[in-house]
Amino acid sequence: MLLNAFEMANTECRLCGLKSPAAQLLTSQELEALEFNCAQINFKKGEIVFREGTFATNITYLKSGLVKIHMKGPARDKILRIMKSPSYLGLPTTFGEKVNHYSATALTDTQICFISLDTLRDFIFKNGGFAYENILELCRNELKDYQRYTNMSQKLLPGRLADILLCMSHELFNSNKFELPINYNELSDFISTSRESVSRLLGEFCKEGIISINKKELTILKEDILEKISLKG
DNA sequence: GCATTAACCACAG
DNA sequence: CTGTGGTTAATGC
């Protein structure tokens with residue numbers, strides 16, 4: 001029984017093929033510590049990983065799948081980011097506050113590892129490479145967010161929509177053809193508009209041959225025009 | 001004034 | 001969940 005538990009531990013974090021860039025810098029002792037202080041939980045599409053307003057007890061690591069980060073606004077939900085793996089979720093809200101300031105919801109079936117806050121804090125104190133990788137990620141994300149939020153607040157609707165489509169194509173899927181990970185209502189929560197406007201505008205983009213949509217699959221046909229629309233605002 | 005943009009409502013597949 | 005039409009308010013020439 002003891003042996004069994006030990007073997008299980010062995011097959012967890014140390015041999016994990018989906019480590020974060022930061023976790024790749026952990027020593028084998030640290031990985032062993034990680035194994036005893038984390039639990040992988042799989043979520044189905046639509047399930048909530050952690051919820052705004054509840055106690056933040058763990059860091060969550062997105063091992064595979066897509067997750068939306070969103071928070072309640074005065075009027076409606078606001079999607080802040082869509083995260084792909086590998087990525088830690090909720091570092092700011094878990095380290096910075098006791099209570100989650102935003103929610104994370106699975107957009108696809110996902111594998112999530114819950115890691116105890118103390119363990120992660122310990123790594124940060126003791127392993128500079130690990131800490132640096134995490135800071136790097138936080139910095140990159142902050143810059144991207146600032147960029148996106150200034151764009152979102154100053155561009156007209158067509159520019160915002162073009163932006164988000166290009167962003168998904170370039171940063172999320174690395175392809176001109178992808179399955180929309182969110183419905184039109186969520187899309188409107190992302191670019192601060194109404195569901196109807198998203199519907200109308202995507203329809204127009206299709207009519208003009210800039211994109212094509214069947215079912216949920218979206219193809220960007222004329223990226224150059226989309227870029228122009230994005231720039232023009 | 002007149003045009004444009006886009007939200008809100010209603011209702012239908 | 002999505003598509004459309006009507007209405008309305010704000011903003012810009």
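Convention: sequence-line order gives letters A, B, ...; per-chain numbering from 1. The analysis underlying the following values was restricted to heavy atoms, covering all of them including side chains, and did not include hydrogens, waters or symmetry mates.
- A:Lys215 comes within 4.0 angstrom of nothing in the nucleic acid, heavy atoms only.
- Contact annotation: A:Thr193 reaches the phosphate of B:dA7 (side-chain N/O to OP1 or OP2, under 4.0 Å).
- Enclosure of atom CZ in A:Phe95 by more than 12 non-hydrogen atoms of other residues, nucleotides or ligands within 6.0 angstrom is indicated.
- Note on A:Ser197: a side-chain N or O is less than 4.0 Å away from OP1 or OP2 of B:dA7.
- Nucleotide C:dG6 holds its P atom 15 Å from the CD atom of A:Glu196, rounded to whole Å.
- Nucleic acid contact for A:Ser194: sugar-phosphate only, since backbone atoms but no base atoms lie under 4.0 Å from a heavy atom of the residue.
- Residues A:Leu201 and A:Arg195 each lie close to DNA chain B; by heavy-atom proximity, the contact nearer the 5' end of the strand is made by A:Leu201.
- Ring-plane geometry between A:Phe114 and A:Phe43 is classed as tilted, the angle between the planes lying from 30 to 60 degrees on a 0 to 90 degree scale.
- Counting only N and O atoms by type, the side chains of A:Ser20 and A:Tyr61 include no donor and acceptor under 3.5 Å apart.
- OP1 and OP2 of C:dG3 both lie 4.0 Å or more from every side-chain N or O belonging to A:Lys207.
- You'll find that the side chain of A:Arg160 is closest to B:dA7, out of B:dA10, B:dA7, C:dT2.
- Ion pair A:Lys207/A:Glu204 not flagged as a salt bridge, since none of the NZ, NE, NH1 or NH2 atoms sits closer than 4.0 Å to an Asp/Glu carboxylate oxygen.
- Of all nucleotides listed (B:dT5, C:dG5, C:dG3), C:dG5 comes nearest to the side chain of A:Arg200.
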